[in-house]
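Notes follow once the structure below has been shown.
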Amino acid sequence: MTRLDPFDELNPRQREAVNHTEGPLLILAGAGSGKTRVITYRIANLIRAKAVPPFEIFAVTFTNKAADEMKRRVIDLIGPLGENVFVRTFHSAAVYILRRYGDRIGVPRAFTIYDQKDQETLVKDILLDRRLDPKKIRPSALVSKISEIKDRAEIIDGTDLSHLMPGYPGLDFQDLYREYQARLERSGALDFNDLLIKTVLLVRGSPDTLSDLQRRWRYFMIDEYQDTNHAQYLICKYLSSATRNLCVVGDDDQSIYSWRGADIRNILEFERDFDETRVVKLEENYRSTVPILDAAWRVIRNNRNRKEKRLRAVRGEGEPVTWCSANNEYGEAEYVVSTIMSLKKMEALRNRDFAVFYRTNAQSRVFEEMLRRENMPYRVVGGLKFYDRKEIKDILAYLRLIANPADSVSLFRVINVPARGIGAATVERLRDTAYTEEIGEWELIARGFAVKGKVTAGISAFKKIIEHGMAAAANVPGTVKLSAMVRNLIEATSYRDALEEENSIESRSRLENIEEFLNSVYEYEARNPDAGLDLFLQEISLLTSEEAPDAGGDDPSNSVTLMTVHNAKGLEFPVVFLTGMEEGLFPHFNSSDTEAGIEEERRLCYVGITRARDRVYLTSAEMRRSYSGLSYKEPSRFVAEIPAGSLEVRRYGEGAGGLTGYELPQFETAGPPPAGRFWTDARQAAGGSRFRAREAVLHPKYGRGRILSVEGSGDNVKLTIVFGNGSRKTFLEKYTPLEKA
DNA sequence: TTGAGGCTTTCAACA
DNA sequence: AAAGCCTCAA
């Protein structure tokens, strides 16, 4: 596919999108409609046919992976010239802009990026200062609340925020919010929201910056536009306002990030926002067979809040979509793995052709166990990120502190890691002294923080490590190599020595991870010889596990892929397993009490199904063990939305046993898809509850409600119920006089 | 005052 | 898996 003209491989709609180069363009691209091809051809067309210099093109996507892929395909089309197209994620583009111009609005050049964990640490510190118990008010909940507020337009408009502040019993949220922001600023740190917000404030508040950027970029392309938030929308709008050459691509049916502040109105109202918008609809699906698209449509059509549309299948008939119910999560995993094995035997499929999707990361464990037992290589995408591992975060905290000594979250993380005799009492005193003297904690240590006895040695060791690190970092990338600086730092901390001394299985794996981290530094250095420590840190803060070094041993090029449905967006596989199709899991409890929540879960299900080229297996367990104990599960309503004629129904009877060989899985053919009381009788026989999920009930005190989940068994059946006023309560069935309503 | 070991709690999705 | 809490030894 190196030839560009004529666009033989494009259909008329796609060609229209490629050829429309000037003025606003909205591409409504259904799943599998050749979106990436259109974007890359469009870029190629701008460069080749319209003689646009590559560096004038600004393209953003949502993941690093998608950005790399886009760049690779552009280079395939037009050669090394494509290297100069600016292709990044939104957050990475924001970092790029802020590093160059951020000082105009007071953002330091070596700013630190705080991830969710860092935010939680910060909030927890504030709570403790306020004599509040972080166990009663969960920092993670407060962080998501803060993030929610920061997604709002008011933040940027500078209007009064007070009406957005939630009332928290025993907590002045507004005070917390102000203090949180103040500490971020004092630490020279930005959270993920801030990266976007500060970028907007910069281009809006500094006309010089805006015109600089507008001179540099003249053509803008935004992928996954349905998932942009308000700040991202404004970034696009400001940057493109000089040329108006803004092309956005998206699909309202695939909007799955509203919880992260994505505003679906951005795509629905694009035509209203940008005059003379050309709209191109791509509705031909080249990816999936007819039964797969049919099942996906049957599900998504239940959303009331969507633009009516239906993808046309270019490919023909195929295998029916299968729903298999297994007795528990082990049976489910066994069914998935044995199906993979028999498909591999019957058809020339490779491990990498299979993907197992789940709603929550915790579900991966059972699949991993089963795949390992069968010696089948797999890779888990997402989950615990490489850079989130304790030992890596520790090393990174040292580096961050060296790059930005104001970063107190990092300082407190490592001041006593590995243990050097600086205990809680000393740390508390350091905090207090820094606070009363109104200086940073590092500054206090650097000037001389008086301590007694054996703590003295610890403090001076820590001080020396950081000072040496700073001296070395000042000469990166000049006379000192980044990798050498990092290696020396690790030596100086004796982090490795401490782990070697421990000599456990766990400590050995941590040592390997540190080696792996060093390798990634070498690699980074080779690719970015001009980068200093601060740029390195800013860039890896935006990486996810997908781009991180592979810490596992399996060959990623031929492994079964395990990931959350969210992570699957934009990808495709010949065979897809959509697992855990149960009420309470998918759709998830926490989204089940509002119509909007259910609709987003349904879009997520739609995204999952439409990733498949040839085969889709929906699986569920009738019983599942989770952290809250054993619970009976009702099949997902999404399964029931696919009519019997479009679904092959199976039941997998084994479970908990081992797979013995490569025999075909054993099925019992079950009845029609779940309608009404499909599982109820079986559950009662098994000693479960007399209630089931989604049932209407009457509570003597709270009135009418609907059951969200039934968990546990025997005397420990827990019922979670959402009541008419929207409140959610969990009861022990034993003690609750509930009636069926 | 610190550190180590054992126990419990935590649990939605992500850049 | 990691962090928090507890106890006990030094």
Side-chain angles (χ1 to χ4, degrees), chain A residues 60-67 88-95 113-117 120-121 124 128 133-135 138-141 144 147 151 190-196 224 227-229 231-232 256-262 357-363 365 381-385 387-391 393-394 413 416-429 451-455 458 498 502 504 506 509-510 538-547 563-569 580 584-592 597 600-601 603-604 607-608 626-629:
Chain A
V60 291
T61 63
F62 263 71
T63 63
N64 291 287
K65 198 179 177 205
R88 300 213 178 200
T89 64
F90 257 114
H91 289 85
S92 153
V95 168
I113 300 169
Y114 276 3
D115 67 12
Q116 199 168 323
K117 289 271 164 52
E120 284 170 25
T121 309
K124 203 178 113 196
L128 291 174
D133 184 357
K135 281 177 122 176
R138 281 173 39 225
S140 60
S144 45
S147 185
D151 281 326
L190 305 180
D191 60 23
F192 283 117
N193 291 303
D194 282 347
L195 291 175
L196 304 172
E224 308 282 8
D227 284 327
T228 49
N229 67 15
Q232 289 164 328
I256 55 175
Y257 283 107
S258 72
W259 53 275
R260 213 173 75 187
F357 299 157
Y358 33 79
R359 179 65 179 81
T360 66
N361 280 306
Q363 289 164 256
R365 208 201 77 239
V381 177
L384 187 63
K385 296 173 191 167
Y387 294 109
D388 278 349
R389 279 165 223 246
K390 188 188 173 302
E391 59 278 16
K393 287 212 89 168
D394 287 343
R413 182 179 178 102
N416 195 33
V417 177
R420 51 174 74 89
I422 306 169
T426 309
V427 168
E428 244 350 271
R429 206 162 56 77
V451 287
K452 283 180 287 189
K454 60 179 177 169
V455 187
E502 201 184 313
S504 62
E506 191 192 307
S509 124
R510 291 192 191 281
Q538 285 164 359
E539 292 196 350
I540 65 170
S541 300
L542 302 177
L543 291 188
T544 57
S545 63
E546 181 64 7
E547 300 87 20
M563 64 174 118
T564 62
V565 196
H566 279 93
N567 256 315
K569 189 164 84 154
L585 189 55
F586 198 0
H588 198 273
F589 297 125
N590 299 357
S591 302
S592 295
E600 181 149 315
E601 295 284 313
R603 289 192 294 271
L604 190 57
V607 166
S626 60
Y627 67 93
S628 58

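The figures here come from the full heavy-atom set of this structure, side chains too, leaving out hydrogens, waters and symmetry mates. Just so it is clear: chains get the letters A, B, ... in the order the sequence lines come, proteins before strands, and each one is counted from 1.
- The line from CG of A:Asp151 to CG of A:Asn193 is 5.0 Å long, rounded to the nearest 0.5 Å.
- With a 3.5 Å limit on both pairing distances and Watson-Crick or G-U wobble geometry required, the stems of 3 or more pairs in DNA chain B span B:1-10 with C:1-10.
- Between A:Ser258 atom OG and A:Arg603 atom CZ the span is 6.5 Å, to the nearest 0.5 Å.
- Taking atom C1' on both nucleotides, B:dA12 is separated from C:dG4 by 22 Å, rounded to a whole Å.
- In this structure A:Asp394 satisfies the side-chain contact (heavy atoms from CB on, under 4.5 Å) test together with A:Lys390, A:Arg413, A:Val414, A:Val417, A:Tyr495, sequence neighbours excluded.
- With B:dA15, B:dA12, B:dT1 as the choices, the nucleotide that has an atom nearest any side-chain atom of A:Gln116 turns out to be B:dA15.
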Write out a two-atom table: protein N or O, nucleotide N or O from nucleotides 3-7 of chain B, distance below 3.5 Å.
residue	atom	partner	partner atom	Å
B:dG3	OP1	A:Gly421	N	2.4
B:dG3	OP2	A:Asn416	ND2	2.9

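- Between the CG atom of A:Asp151 and the P atom of B:dA15 there is a distance of 15 Å, rounded to whole Å.
- Without hydrogens or angle criteria, A:Asp191 side chain to A:Gln116 main chain gives no donor-acceptor distance under 3.5 Å.
- In this structure, the CD atom of A:Glu224 is 19 Å from the P atom of B:dA13, given to the nearest Å.
- For the pair A:Asn567 CG and B:dA15 C1', the interatomic distance rounds to 11 Å; values are reported in whole Å.
- Residue-level contact check: A:Thr426 touches the backbone only, with heavy atoms under 4.0 Å from sugar-phosphate atoms and none from bases.
- Rounding to the nearest 0.5 Å places CG of A:Asp227 at 10.5 Å from CZ of A:Phe90.
- When distances run from any side-chain atom of A:Asn590 to the nucleotides B:dA15, B:dA12, B:dC14, the shortest one goes to B:dA12.
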Identify all pairs in which a protein N or O lies below 3.5 Å from an N or O of nucleotides 3-8 of chain C, and state each distance.
residue	atom	partner	partner atom	Å
C:dG4	OP1	A:Lys124	NZ	2.1

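- For the pair A:Asn229 CG and B:dC14 P, the interatomic distance rounds to 17 Å; values are reported in whole Å.
- Rounding to the nearest 0.5 angstrom, the gap separating the CD1 atom in A:Ile113 from the CD atom in A:Glu539 is 9.0 Å.
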**OP:** With side-chain contact (heavy atoms from CB on, under 4.5 Å) as the test, would you mind laying out the steps for A:His566 and A:Phe357 before giving the verdict?
**Re:** CA-CA 9 Å; A:His566 279 93; A:Phe357 299 157; over 6 Å; no
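- Ion pairing between a basic and an acidic side chain is recognised when a charged N comes within 4.0 Å of a carboxylate O; A:Glu502 and A:Arg510 show no such pairing.
- For the pair A:Val455 and A:His566, nearest-nucleotide mapping onto DNA chain B gives the more 5' position to A:Val455.
- Residue A:Asn361 has its side chain nearest to B:dC14 when only B:dA12, B:dC14, B:dC11 are considered.
- In this structure, A:Lys569 is positioned above the aromatic face of A:Phe62, its NZ or CZ under 6.0 Å from the six-membered ring centre and within 45° of the axis.
- In this structure, the nucleotide among B:dA13, B:dA15, B:dT1 sitting nearest to the side chain of A:Ala425 is B:dT1.
- Mapped onto DNA chain B by nearest heavy atom, A:His91 and A:Thr360 fall at different nucleotides, with A:Thr360 at the one closer to the 5' end.
- We find that the ring of A:His588 and the base of B:dA13 do not stack by the test of centres under 5.5 angstrom and planes tilted less than 30°.
- A:Phe62 comes within 4.0 angstrom of sugar-phosphate atoms only, judged by non-hydrogen atoms across all strands, and of no base.
- The existence of a salt bridge linking A:Asp115 and A:Lys393 is confirmed by a sub-4.0 Å separation between a basic side-chain nitrogen and an acidic carboxylate oxygen.
- When the ring pair (Phe, Tyr, Trp, His ring centres under 6.0 Å) test is applied to A:Phe586, the partners found at least two apart in sequence or on another chain are A:Phe638.
- No hydrogens or angles were tested; on distance alone, nothing pairs the side chain of A:Ser591 with the base of B:dA13 as donor and acceptor under 3.5 Å.
- At a threshold of 4.0 angstrom between heavy atoms, the contacts of A:Arg510 are confined to the sugar-phosphate backbone, with no base atom among them.
- A:Phe192 pairs by the ring pair (Phe, Tyr, Trp, His ring centres under 6.0 Å) definition with A:His91, not counting sequence neighbours.
- When heavy atoms are screened at a 4.0 angstrom cut-off, A:Arg359 is found touching base atoms of the nucleic acid.
- Rounded to whole Å, the distance from CD on A:Glu120 to C1' on B:dC14 is 13 Å.
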